[in-house]
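In the text below, chain A, chain B and the rest are named by the order of the sequence lines, each starting its count at 1.
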There are 2 protein chains.
Amino acid sequence: MSASTRSGPQLSRGEFGLLVLGLLHRRDMYGYEIVAELRRSTEGAIDLPEGTVYPALRRLEREGLASGYWVEAPGAAPRRRYYKLTQAGEHALATGMDDWHRFKVAADAVLGQ
Amino acid sequence: MSASTRSGPQLSRGEFGLLVLGLLHRRDMYGYEIVAELRRSTEGAIDLPEGTVYPALRRLEREGLASGYWVEAPGAAPRRRYYKLTQAGEHALATGMDDWHRFKVAADAVLGQ
DNA sequence: TCTAGGTACTTGGCAAGTCTATGTATGACC
DNA sequence: GGTCATACATAGACTTGCCAAGTACCTAGA
């Protein structure tokens with residue numbers, strides 16, 4: 001045997017899920033919009049493909065952190081699946097931001113700022 | 001098709017590899033020492049099990065970012081496999097820290113600091 | 001002497017997340 | 001009619017992270 005007892009989650013897995021939670025905290029959004037908004041607001045620094053975002057949204061929904069609903073788009077564009085943070089999602093966001101902050105500080109310490 | 005051309009790596013992939021590179025930049029280290037040092041210097045915020053660190057070291061070596069060498073331990077303790085950053089490793093560290101910094105800023109912007 | 005615990009590395013295998021690529025469908029524009 | 005943008009979906013590959021277990025040796029203590 002080896003390795004002591006481990007504690008909380010190690011981040012870096014589901015980090016993108018946290019970002020999505022952060023966006024949904026502002027307002028309800030749909031997948032395609034999230035991709036665009038992420039790219040826009042980070043000036044391309046974070047550029048997640050649809051193949052990452054859609055599964056992430058389904059994950060969040062499956063885990064009860066967000067709930068989705070269909071909205072017919074104006075005109076006759078493709079309908080959109082909007083997602084809304086649940087209360088559990090708000091809580092997970094708070095916890096996740098805490099973890100993120102601790103991780104950031106720790107990583108910076110290791111990397112020499 | 002969709003989603004424009006993607007650019008560099010998205011970080012959060014190989015983030016732990018970056019931390020290891022950061023440690024090796026200070027001085028040559030061996031696996032068990034890295035586990036302990038990471039835990040110590042981050043006050044437990046980053047606590048990687050051996051099952052994560054040893055494979056990571058092998059990965060770095062396979063990719064030419066670090067080179068390993070055996071050292072007989074003083075006394076008659078188990079021998080240690082030390083790792084040293086290669087030039088490519090130093091370069092990858094610099095690039096990785098750049099990416100990390102950009103990611104951090106972008107993520108904080110999304111999360112509202 | 002027997003046991004426990006620390007050091008140190010290794011490996012198998014699963015679970016999960018990410019990304020590429022591709023597909024569907026629609027409407028707008030030229 | 002062809003192209004582009006919107007919008008969602010998913011299969012499959014790849015990578016990572018981690019648990020769990022094992023090997024081997026040494027020291028300390030009962």
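- Each of Glu33(A) and Ala56(B) has a nearest nucleotide on DNA chain D; the 5'-most of these lies closest to Glu33(A).
- Contact annotation: Tyr30(B) does not reach the phosphate of dC9(C) (side-chain N/O to OP1 or OP2, under 4.0 Å).
- In this structure, Arg79(A) places its CZ atom 8 Å from P of dA9(D), rounding to the nearest Å.
- When all heavy atoms are compared, the tightest approach of Gly22(A) to Leu111(B) is CA-CD2, 3.9 Å.
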>> Evaluate Arg79(B) against Val71(B) for side-chain contact (heavy atoms from CB on, under 4.5 Å), listing each step before the verdict.
In response: CA-CA 6 Å; Arg79(B) 59 183 189 163; Val71(B) 172; over 6 Å; no
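- Among the nucleotides dC18(D), dC8(D), dC9(C), the one closest to any side-chain atom of Trp70(A) is dC8(D).
- Counting only heavy atoms from C-beta on, Tyr32(B) has its side chain closest to dA8(C) among dC19(C), dA7(D), dA8(C).
- Checked against dT18(C), dA8(C), dC8(D), the side chain of Arg81(A) finds its nearest nucleotide in dC8(D).
- Side-chain atoms of Pro78(A) lie closest to dT6(D) of the nucleotides dT6(D), dA24(D), dC19(C).
- Across the protein-nucleic acid pair, Glu50(B) atom CD and dG13(C) atom C1' stand 17 Å apart, rounded to whole Å.
- At dT11(C), one or more side-chain N or O atoms of Arg58(B) fall inside 4.0 Å of OP1 or OP2 (strictly under the cut-off).
- When rounded to the nearest whole Å, the span between CG of Leu57(A) and C1' of dT10(D) equals 14 Å.
- Residues passing the side-chain hydrogen bond (donor to acceptor under 3.5 Å, both in side chains) test with Arg40(A) are Glu37(A), sequence neighbours excluded.
- Rounded to an integer number of Å, the gap from Leu18(A) CG to dA16(C) P is 19 Å.
- Remark: C1' of dC19(C) and CG of Leu38(A) are 15 Å apart, rounded to the nearest angstrom.
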Please table the atom pairs, donor to acceptor, closer than 3.5 Å between any side-chain atom in residues 81-91 of chain A and protein atoms at least two apart or in another chain.
unit_1	atom_1	unit_2	atom_2	d
Arg81(A)	NH2	Glu61(A)	OE2	2.9
Arg81(A)	NH2	Gly68(A)	O	3.4
Thr86(A)	OG1	Gly64(A)	O	2.7
Thr86(A)	OG1	Leu65(A)	O	3.2
Thr86(A)	OG1	Ala88(A)	N	3.4
Thr86(A)	OG1	Gly89(A)	N	3.0
Glu90(A)	OE1	His25(A)	ND1	2.9

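- DNA chain D is contacted by both Arg59(B) and Tyr54(A); Tyr54(A) maps to the nucleotide lying nearer its 5′ end (nearest heavy atom per residue).
- In this entry the distance linking CG of Leu60(B) with P of dT15(D) reads 14 Å, nearest Å.
- Rounded to whole Å, atom C1' of dT10(C) lies 11 Å from atom OH of Tyr83(B).
- Note on Gly51(A): a base of the nucleic acid sits closer than 4.0 angstrom, heavy atoms only.
- Atom CZ of Phe16(A) and atom P of dG17(D) are 13 Å apart (whole Å).
- In summary, Glu63(B) and Arg58(B) do not engage in a salt bridge, as defined by a charged side-chain N under 4.0 Å from a carboxylate O.
- Taking only side-chain nitrogens and oxygens, Arg80(B) comes nearer than 4.0 Å to OP1 or OP2 of dA8(C).
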